[in-house]
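Below is one structure; the comments refer to it alone.
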There are 2 protein chains.
Amino acid sequence: MTVWDRPEPPTRPVPLDRERIVAAAIALADEGGLEAVSLRKVAARLDAGPMRLYGYISTKEELFDLMVDEVHAEILPEEQLGDWREVLRILAQRTRQAALRHEWLADLLGGRPTLGPNGLAVTEAKLAALDGLADLDTVMRAVETVSAYFTGAIRREIANLRAERATGLSKRDWQRASGPHVRRMLATGRFPALAKAVHDGTEVDAEASFATGLDWVLDAVAAKLARPPA
Amino acid sequence: MTVWDRPEPPTRPVPLDRERIVAAAIALADEGGLEAVSLRKVAARLDAGPMRLYGYISTKEELFDLMVDEVHAEILPEEQLGDWREVLRILAQRTRQAALRHEWLADLLGGRPTLGPNGLAVTEAKLAALDGLADLDTVMRAVETVSAYFTGAIRREIANLRAERATGLSKRDWQRASGPHVRRMLATGRFPALAKAVHDGTEVDAEASFATGLDWVLDAVAAKLARPPA
DNA sequence: CTCATGGCGATACACTGTATTTAATCATTA
DNA sequence: TAATGATTAAATACAGTGTATCGCCATGAG
């Protein structure tokens with residue numbers, strides 16, 4: 001028995017913490033989507049048995065919550081922002097950018113209340129930006145309306161992106177309804193307005209379209225802030 | 001061997017079709033949420049083996065698509081609607097009502113393009129309502145902005161509803177942050193605006209809040225329709 | 001050195017979506 | 001009518017999942 005034959009000393013278990021677990025889960029999700037995140041795989045990436053994770057999280061859902069909160073740390077900008085409109089716009093756009101980096105975020109966005117420290121910090125930033133500009137009800141409605149918009153818009157954008165990717169169609173072809181199923185549907189003549197839209201539609205830039213819709217919603221909010229409800 | 005001992009003649013397999021399968025899946029989801037929908041359980045409800053379903057659907061995701069499209073049939077109203085604003089408002093509200101009847105819809109909404117016949121019919125109705133009121137780009141932006149809003153708003157409403165249900169807290173208590181975790185967070189003093197909002201906030205009616213935000217967004221759309229972009 | 005304790009890995013269970021293989025039934029032809 | 005071929009359902013199988021439970025082993029205290 002030479003040194004080389006001697007078995008390695010039993011590797012002391014690497015100390016774990018939520019941060020490392022969440023980081024591993026996010027890495028997995030970035031690579032293979034949410035469905036690629038299994039407790040076994042997360043644990044394996046940390047050289048641990050699956051059951052070890054239960055010392056730090058109590059369920060897989062909880063892990064998802066932690067992942068979402070972690071991404072909210074990326075969303076919150078470091079530097080101070082300007083007026084309420086800039087705050088809401090930047091936060092919306094940073095959320096979108098985060099979802100483009102972590103597509104799985106689109107699957108989770110809006111799926112449950114974000115009560116982690118970073119999620120709360122983002123909410124705090126929004127509320128603080130509007131503080132005093134109107135009565136609390138109006139402020140809440142403003143924040144929630146803008147959030148609802150960008151949640152929905154981001155989800156749709158990612159959904160379309162995946163559909164294009166899956167069918168291998170370019171965005172232009174997709175909008176032209178080259179998919180056989182959609183083409184057949186349009187050919188029935190039951191959807192004239194849609195058919196016209198598909199036929200005449202020009203290529204749309206997802207980012208610009210997101211920004212435009214966001215501006216509209218912000219315009220609406222601005223109008224209500226100026227004239228709070230009776 | 002008497003008559004009673006004689007085994008029942010082998011029950012002819014009940015003919016299946018997508019409709020029955022989708023109906024069974026929806027029933028399961030209505031009772032126990034999306035996670036209660038398994039191909040085995042759907043099949044069992046139809047007195048069939050799991051593999052039989054694969055003659056009618058090719059994957060579970062596809063079943064989900066069919067379920068969403070089926071609900072869109074409920075969303076589309078029978079009677080003719082009025083002007084564009086009423087069309088968009090009613091469709092948004094009917095989507096919300098459908099999600100309250102079928103909470104699992106919130107999990108799927110916006111998750112992938114809705115290309116089934118009923119989903120397309122709903123889109124057609126929206127586009128038709130705005131047809132000719134502005135250039136195609138503006139019309140598309142209008143439809144997508146309103147859809148993004150109500151998708152996000154519905155998801156949040158259902159998410160909050162589930163959170164209340166899970167914690168057993170009334171909406172009021174929830175908003176008062178009776179949850180020990182949130183209470184602790186607010187006590188840190190790092191979220192003053194949020195703390196104030198939670199403290200001063202009055203009970204909100206989800207339906208009214210949805211309607212208000214929707215009206216704001218529709219106001220924004222109206223402004224853009226009046227003045228199409230240069 | 002001995003013993004207790006607590007964390008960790010291994011094992012186990014019920015279940016999932018789906019591929020494949022086998023059995024049964026039906027239609028068709030001789 | 002008998003036999004054969006084609007279609008359809010069922011059974012089995014597989015790899016994987018979240019999570020409960022159990023038993024071991026290393027570390028700390030006495």
Side-chain angles (χ1 to χ4, degrees), chain A residues 6-68 104 107-108 111-112 162 166, chain B residues 6-68 104 107-108 111-112 162 166:
Chain A
R6 200 190 319 272
E8 294 278 337
T11 62
R12 301 274 61 254
V14 183
L16 238 50
D17 56 10
R18 279 152 96 107
E19 270 195 55
R20 280 168 49 77
I21 293 174
V22 172
I26 288 179
L28 278 172
D30 286 347
E31 292 164 17
L34 254 201
E35 82 209 334
V37 178
S38 86
L39 295 186
R40 282 169 167 86
K41 284 193 271 203
V42 171
R45 209 167 252 242
L46 300 166
D47 289 318
M51 285 303 115
R52 271 244 355 246
L53 301 185
Y54 284 90
Y56 304 85
I57 61 174
S58 62
T59 179
K60 194 186 182 182
E61 297 279 293
E62 197 175 305
L63 177 57
F64 285 163
D65 285 349
L66 293 173
M67 290 167 66
V68 171
W104 49 269
D107 301 318
L108 264 22
R112 72 174 68 210
R162 285 173 176 157
Chain B
R6 202 191 316 275
E8 294 278 338
T11 62
R12 299 274 58 256
V14 183
L16 240 49
D17 55 9
R18 279 153 96 107
E19 269 195 56
R20 281 169 48 77
I21 293 173
V22 171
I26 287 179
L28 243 8
D30 285 348
E31 293 164 16
L34 254 201
E35 83 208 335
V37 178
S38 84
L39 296 186
R40 281 170 167 87
K41 284 193 272 204
V42 171
R45 209 167 253 242
L46 301 165
D47 289 319
M51 285 305 114
R52 264 201 72 198
L53 301 185
Y54 284 91
Y56 304 85
I57 60 173
S58 63
T59 178
K60 194 186 183 184
E61 297 280 296
E62 196 175 305
L63 176 58
F64 284 162
D65 285 349
L66 293 173
M67 292 167 67
V68 170
W104 49 269
D107 300 318
L108 264 23
R112 71 175 69 208
R162 286 172 176 160

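Throughout, protein chains are lettered first and strands after them, A, B, ... in sequence-line order, and every chain is numbered starting at 1.
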For L46(A) and dG9(C), give me the distance from atom CG to atom C1', rounded to whole Å. 15 Å
Any residue of residues 54-64 of chain B with a heavy atom less than 4.0 Å from an atom of DNA chain C: Y54(B), T59(B), K60(B)
Just how far, in rounded Å, is C1' of dT20(C) from CE of M51(B)? 10 Å
Is there a side chain to side chain contact (heavy atoms under 4.5 Å, CB included) between M67(B) and L34(B)? Walk through the geometry before answering. CA-CA 11 Å; M67(B) 292 167 67; L34(B) 254 201; 4.3 Å; yes
Pairs in or reaching into residues 14-30 of chain B: which pass side-chain hydrogen bond (donor to acceptor under 3.5 Å, both in side chains), with residues at least two apart or in two chains? D30(B)-H102(B), D30(B)-W104(B)
Quick one, L63(B) and L39(B) - any side-chain contact, counting heavy atoms below 4.5 Å? yes
Determine, for R162(A) against D107(A), whether the closest basic-nitrogen to carboxylate-oxygen distance falls under 4.0 angstrom. yes
Without decimals, in angstroms, what is the distance between L53(A) CG and dC8(C) P? 11 Å
Rounding to a whole Å, what distance do you find between R52(B):CZ and dT25(C):P? 14 Å
Rounded off to whole Å, could you give me the CG-to-P distance for the L28(A) and dG16(D) pair? 14 Å
Could you tell me which residues satisfy salt bridge (Lys or Arg N to Asp or Glu O under 4.0 Å) with R40(A), sequence neighbours excluded, listed by chain and number? none
In terms of heavy-atom contacts, E35(B) and G32(B) come closest through OE2-O, 4.1 Å
A43(A): what forms a side-chain contact (heavy atoms from CB on, under 4.5 Å) with it, not counting sequence neighbours? L53(A)
Sequence neighbours excluded, the answer for salt bridge (Lys or Arg N to Asp or Glu O under 4.0 Å) partners of E31(B) is R45(B)
To the nearest angstrom, how far is I21(A) atom CD1 from dG18(D) atom P? 14 Å
Residues touching DNA chain D, which here means a heavy atom under 4.0 Å, drawn from residues 33-44 of chain B: R40(B)
